[in-house]
Asks: 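Can you keep this structure in mind? I'll have questions shortly.
Any value given below was found using the heavy atoms of this structure, including those in side chains, with hydrogens, waters and symmetry copies removed. Proteins come first, then strands; the chains are lettered A, B, ... in the order of their sequence lines, and each starts at number 1.
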Number of protein chains: 2
Amino acid sequence: MFNQKKKFQEYLKSKSLAFSKERKIILDEVFSTSGHFEAEDLLFSLRKKKKRVSRATVYRTLDLLVKSGSVSKINFGEAHSHYEHILEQEYHGHLVCLKCGKIIEFENEKIGKLKNEEAKRNNFQIMRHSLEFYGYCSRCRK
Amino acid sequence: MFNQKKKFQEYLKSKSLAFSKERKIILDEVFSTSGHFEAEDLLFSLRKKKKRVSRATVYRTLDLLVKSGSVSKINFGEAHSHYEHILEQEYHGHLVCLKCGKIIEFENEKIGKLKNEEAKRNNFQIMRHSLEFYGYCSRCRK
DNA sequence: TTAACAATTGAGATTCAGTCTCAATCTCAA
DNA sequence: TTGAGATTGAGACTGAATCTCAATTGTTAA
């Protein structure tokens with residue numbers, strides 16, 4: 001957590017951007033929630049706490065967080081994006097239930113091997129990945 | 001290709017849905033393009049060929065194609081979705097260049113192993129997957 | 001300290017992919 | 001031939017995300 005927060009502050013510094021009041025509010029909120037969240041949820045939980053930050057600033061700051069590498073943007077096949085703060089887990093994916101929407105995280109070091117293989121084979125410098133398996137969870141499969 | 005087209009027709013039959021003129025037009029167009037495409041592109045290439053099908057029908061038919069399992073919907077981190085017709089390749093992912101947007105496909109049977117491992121571990125019935133590596137291609141990396 | 005400039009913000013307008021509505025049309029089994 | 005249900009197109013609508021722009025807040029150089 002601390003590292004990630006610091007990472008963001010360092011990113012701002014390196015780009016001569018300010019660590020403004022609003023950016024601090026958003027950063028704290030992001031790292032106080034666990035797991036995944038949506039931009040609109042973040043906006044409304046700030047509203048509930050009377051911490052007024054505009055929608056534009058929320059989206060702008062989320063972009064910065066993604067660029068700084070402390071948050072990642074994921075897509076679960078819905079219209080809008082989800083975010084999650086990056087943990088220590090590096091080889092991380094999701095199982096998404098097509099019926100009830102449940103999301104299970106997993107970690108599997110095979111992802112790292114795959115990443116290295118394909119990076120080498122295609123002469124690609126891989127920065128991040130996204131891996132989702134869609135199907136039916138134990139409750140929803142018949 | 002043929003198999004996939006047939007698969008769609010069988011899906012329609014199994015749901016007592018018609019293989020209408022419009023659905024045929026869209027099906028043919030989808031399988032005449034290679035690789036990835038976007039819904040709006042499809043719409044406009046049909047317009048150019050004077051084959052008028054409404055936007056609603058294009059989206060509706062793409063949904064059916066996805067449900068039938070002959071086309072898959074992918075997300076490359078942009079606001080809108082991309083589609084691709086499903087090939088024989090089962091263990092298939094993408095490398096997406098963050099600078100020039102180039103997309104390289106790859107196939108790697110490690111994906112199958114990963115899928116089986118996680119399906120078993122989490123008691124999940126996996127229907128499909130999506131794997132994207134984001135980074136810089138050989139041209140764009142310094 | 002001040003002047004000049006850049007970064008930051010909020011409110012609301014705007015965009016754009018995708019969905020919905022609904023009347024008109026088509027299909028096909030009885 | 002009838003009617004129930006499937007299908008369609010046009011355009012209204014939705015909702016996430018972006019853009020605009022004037023006001024405000026740093027920051028830097030002199």
Asks: How do His80(B) and Ser16(A) order along DNA chain C: which one's closest nucleotide is nearer the 5' end?
Replies: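 Nearest nucleotide further toward 5': that of Ser16(A).
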Asks: Could you check whether Arg23(B) makes a cation-pi contact with Phe19(B), meaning its NZ or CZ is under 6.0 Å from the centre of the six-membered ring and within 45° of the ring axis?
Replies: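 Because its charged atom misses either the 6.0 Å distance or the 45° angle limit, Arg23(B) does not stack over Phe19(B).
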Asks: Among dA17(C), dA17(D), dT9(C), find the nucleotide with the atom closest to the side chain of Glu40(B).
Replies: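 Taking heavy atoms from C-beta onward, the closest nucleotide is dA17(C).
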Asks: What is the separation between atom OH on Tyr11(A) and atom P on dA7(C), rounded to the nearest whole Å?
Replies: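 Between P of dA7(C) and OH of Tyr11(A): 13 Å.
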Asks: Going by purine N1 to pyrimidine N3 plus the second Watson-Crick contact, or the G-U wobble pair, all under 3.5 Å, which nucleotide sits opposite dG26(D)?
Replies: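 The answer is dC5(C), by the H-bond criterion.
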Asks: Rounded to the Å, how far apart are Leu64(A) CG and dA17(D) P?
Replies: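 From Leu64(A) CG to dA17(D) P: 16 Å.
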Asks: What is the separation between atom CZ on Phe19(B) and atom P on dA6(D), rounded to the nearest whole Å?
Replies: 19 Å
Asks: Please confirm whether the shortest side-chain N or O distance from Ser54(A) to OP1 or OP2 of dT9(C) is below 4.0 Å.
Replies: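 Ser54(A) to dT9(C) OP1/OP2: no side-chain N or O under 4.0 Å.
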Asks: Can you tell me if the side-chain N/O atoms of Ser20(B) get under 4.0 Å from OP1 or OP2 in dT8(D)?
Replies: yes
Asks: Taking N and O atoms by type only, does the side chain of Arg60(B) place a donor or acceptor under 3.5 Å from a partner on the base of dG9(D)?
Replies: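 Flag set: donor-acceptor pair detected.
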Asks: Tell me whether the OP1 or OP2 atom of dG18(C) has a side-chain N or O from Tyr59(B) closer than 4.0 Å.
Replies: yes
Asks: Can you tell me the distance, in whole Å, between the CG atom of Asn75(B) and the C1' atom of dG18(C)?
Replies: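 After rounding, the gap between these two atoms is 14 Å.
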Asks: Does dA17(D) have OP1 or OP2 under 4.0 Å away from a side-chain N or O of Arg55(A)?
Replies: no
Asks: Glu29(B) and side-chain hydrogen bond (donor to acceptor under 3.5 Å, both in side chains): which single residue from Lys51(B), Lys24(B), Lys49(B) fits?
Replies: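 Looking at Lys51(B), Lys24(B), Lys49(B), the match for Glu29(B) under the side-chain hydrogen bond (donor to acceptor under 3.5 Å, both in side chains) is Lys49(B).
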Asks: Do the rings of His92(A) and His94(A) sit parallel, tilted or perpendicular, given the 30° and 60° boundaries?
Replies: perpendicular
Asks: Is the count of non-hydrogen atoms from other residues, nucleotides or ligands lying under 6.0 Å from Lys102(B) atom NZ greater than 12?
Replies: no
Asks: In whole angstrom, give the distance that lies between atom CG of Leu17(A) and atom C1' of dT27(D).
Replies: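 Leu17(A) atom CG is separated from dT27(D) atom C1' by 13 Å.
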Asks: May I ask which nucleotide in the shown strands pairs with dC21(D), Watson-Crick or G-U wobble, both distances under 3.5 Å?
Replies: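 Pairing partner, where one exists within any strand: dG10(C).
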Asks: Tell me the interatomic distance from Lys21(B), atom NZ, to dT25(C), atom P, rounded to whole angstroms.
Replies: 14 Å
Asks: Measure the distance from NZ on Lys13(B) to P on dC28(C) and round it to the nearest whole Å.
Replies: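 Distance, rounded to whole Å: 12 Å.
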Asks: I want to confirm an ordering. Mapping Leu12(B) and Arg47(B) to their closest nucleotides on DNA chain D, which one lands closer to the 5' end?
Replies: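 Checking each residue's closest nucleotide, the 5'-ward one belongs to Leu12(B).
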Asks: Over all strands shown, is Ala56(B) touching base, sugar-phosphate only, or nothing at heavy-atom distances under 4.0 angstrom?
Replies: base
Asks: Tell me: CZ of Arg23(A) to C1' of dT9(C), nearest whole Å?
Replies: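 One finds 9 Å between C1' of dT9(C) and CZ of Arg23(A), rounded.
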Asks: According to a strict under-4.0 Å criterion, is Ser81(A) in side-chain N/O contact with OP1 or OP2 of dA16(D)?
Replies: no
Asks: Side-chain contact, heavy-atom cut-off 4.5 Å: Ile126(B) with Tyr134(A)?
Replies: no
